[in-house]
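Beneath this line is the structure, given in structure tokens, with notes to follow.
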Amino acid sequence: RRIRQNIRNQEKTNIKEARYLSKLCMEGSENIKIDNAEDIKKLVSHINPDQTYIAEEILAKSEVNGTYNYSVQCDFDGDGIYEPWDFRFVVEKKEVTGIAVNMKAEMNMQQRIKEAVRSAEEAKKKEHFMMNISKEIKKPPDIISQCCEKIVVEGISDEEKQKLGAEVSKNSKILTDIISDILLFSRIESGRQRYSFQEFCLTDIANEFYSTYQYNIPENIQFHIRPGRPNIYIKVDKDRLYNIFDQYLSNAIKFTPQGTITIGWRYHLGKNLCELFVEDTGLGINSKKQN
């Protein structure tokens, strides 16, 4: 709840700041009035030499009836620093009326608004993640509680107790994994997550992971390893890689009632790239949601 509230507060702050910046830019924008063709000539002289072709076009259009808007880089202070300006003018019967507007503040404001919107979208994703975690974390304690109530009932067989005990053990591990995920998420968000990169043989890592997890696979699922090219060495934080493998494998088990799960790797020759994968024959993702 605290994390979710912090996300909402940050979202409100970002949008409020963006709106304030927008208002500030509108009130304090730097501009120069254009009253005639001579004003156009003076303004054009400050355009970046690299945009000479635009300057020539502006001068030509200042004698042709129409409404025009040009975005250019200008240096009005003579310090060699060019800033974005918009030349907006109307020509009617050789009469020129318009304005030149410094767009630097507005462009900065637009960038801040984009960042605020992106932060808001990220906040919604984080909130969605926390809602999913909240749902997942409720199931194991309920199952453990129900099993414990049944175990203490008199007359229950030893076989039934063994089944209930296995269910308690299984859901205890699920609960522990969920809590570990939340703690990892918290460390990443706060920037406290540290990584230690070392060089390992990919064959050894995959075989070690396969040997460790083959006993956690349900009996109705076949678990295989598909080796890729041998003698491939990667620089990686092995614990974090194991964590990622564990996430994918847990998800594969969850959505594969029966069938096959395969782990392995592929080496892309010439790209210096190695792809690790977890494949399963489970439900998959709805085709409409795959993108």
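The first residue of the sequence shown is numbered 1, and numbering continues consecutively from there. Since the structure is predicted, the reported quantities are computational estimates derived from the model, not experimental observations. Excluded from the calculations below are hydrogen atoms, water molecules and symmetry mates; all remaining heavy atoms, backbone and side chain alike, are included.
With hydrogens and angles ignored, the 3.5 Å screen pairs a side-chain donor or acceptor of Thr212 with a backbone N or O of Glu208. Asp39 contributes a side-chain N or O that, together with a main-chain N or O of Asp35, makes up a donor-acceptor pair within less than 3.5 Å. Between the Ser172 side chain and the Val168 main chain, a donor and an acceptor come within less than 3.5 Å of each other. A distance-only check finds a donor-acceptor pair linking the side chain of Ser119 to the backbone of Glu115 [under 3.5 Å]. At distances below 3.5 Å, not a single donor-acceptor pair connects side-chain atoms of Asp246 with backbone N or O atoms of Tyr242. Between the side chain of Ser169 and the main chain of Ala166, no donor-acceptor pair closer than 3.5 Å is present. A distance-only check finds no donor-acceptor pair linking the side chain of Thr97 to the backbone of Val90 [under 3.5 Å]. In terms of modelled atom types and a separation under 3.5 Å, the side chain of Ser157 and the main chain of Glu160 share a donor-acceptor contact. Side-chain atoms of Thr52 come within 3.5 Å of backbone N or O of Pro49 as a donor-acceptor pair. Put simply, the side chain of Asn207 gets close to the backbone of Thr203: a donor and an acceptor are under 3.5 Å apart.
In this structure, Tyr215 stands alone, with no Ile, Leu, Val, Met, Phe, Trp or Tyr side-chain heavy atom under 4.5 Å from its own, directly or through other members.
Here CG of Asp177 is found 8.0 Å from CD of Gln247. Values are rounded to the nearest 0.5 Å. Atom CZ of Phe245 sits about 12.5 Å away from atom OG of Ser250, to the nearest 0.5 Å. Here Gln198 contributes atom CD and Asp239 contributes atom CG; the two are 9.5 Å apart, rounded to the nearest 0.5 Å. Distance check: Gln146 CD to Ile144 CD1 gives 10.5 Å after rounding to the nearest 0.5 Å. Going from atom CD1 of Ile234 over to atom CG of Leu241 covers 5.5 Å, rounded to the nearest 0.5 Å.
Two residues are said to be in side-chain contact when any heavy atoms from C-beta on lie closer than 4.5 Å; Ile58 and Ile40 meet this criterion. Within the 4.5 Å cutoff, side-chain heavy atoms of Ile205 are placed close to those of Val236. Val91 places none of its side-chain heavy atoms less than 4.5 Å from the side chain of Lys61. At a threshold of 4.5 Å between non-hydrogen side-chain atoms, the residues Cys274 and Leu202 count as touching. Side-chain contact check for Val278 versus Asn251: every heavy-atom pair is 4.5 Å or farther apart. By the 4.5 Å heavy-atom criterion applied to side chains, Val44 and Lys41 are not counted as neighbours. Between Ile263 and Phe277, every side-chain heavy-atom pair lies at or beyond the 4.5 Å cut-off.
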Start with the C-alpha gap between Gln73 and Asp50, add the side-chain angles, then the distance that decides, and say whether side chain to side chain donor-acceptor pair (under 3.5 Å) holds.
CA-CA 9 Å; Gln73 295 287 326; Asp50 294 339; over 6 Å; no
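When only modelled atom types and interatomic distance are considered, Asp237 and Ser196 share no side-chain donor-acceptor pair under 3.5 Å.
Heavy-atom minimum distance, Ile34 versus Arg88: CD1-O, 4.4 Å. What you find for Ser62 and Val96 is that their closest heavy atoms are O-CG2, 3.6 Å. When all heavy atoms of His224 and Tyr210 are compared, the pair lying nearest together is C-CE1, 3.8 Å. Between Leu175 and Pro140, the shortest heavy-atom contact is CB-CB, 4.0 Å.
Counting only residues at least two apart or in different chains, ring-ring contact (aromatic ring centres under 6.0 Å, His included) contacts with residues 78-108 comprise Tyr68-Phe89, Phe76-Trp85.
For the pair Glu199 and Lys238, the salt-bridge criterion is not met [side-chain N within less than 4.0 Å of a carboxylate O]. The pair Arg266-Glu275 counts as a salt bridge, with a side-chain nitrogen and a carboxylate oxygen less than 4.0 angstrom apart.
One hydrophobic cluster holds both Tyr53 and Val72 under the rule that ILVMFWY side chains link at heavy-atom gaps under 4.5 Å.
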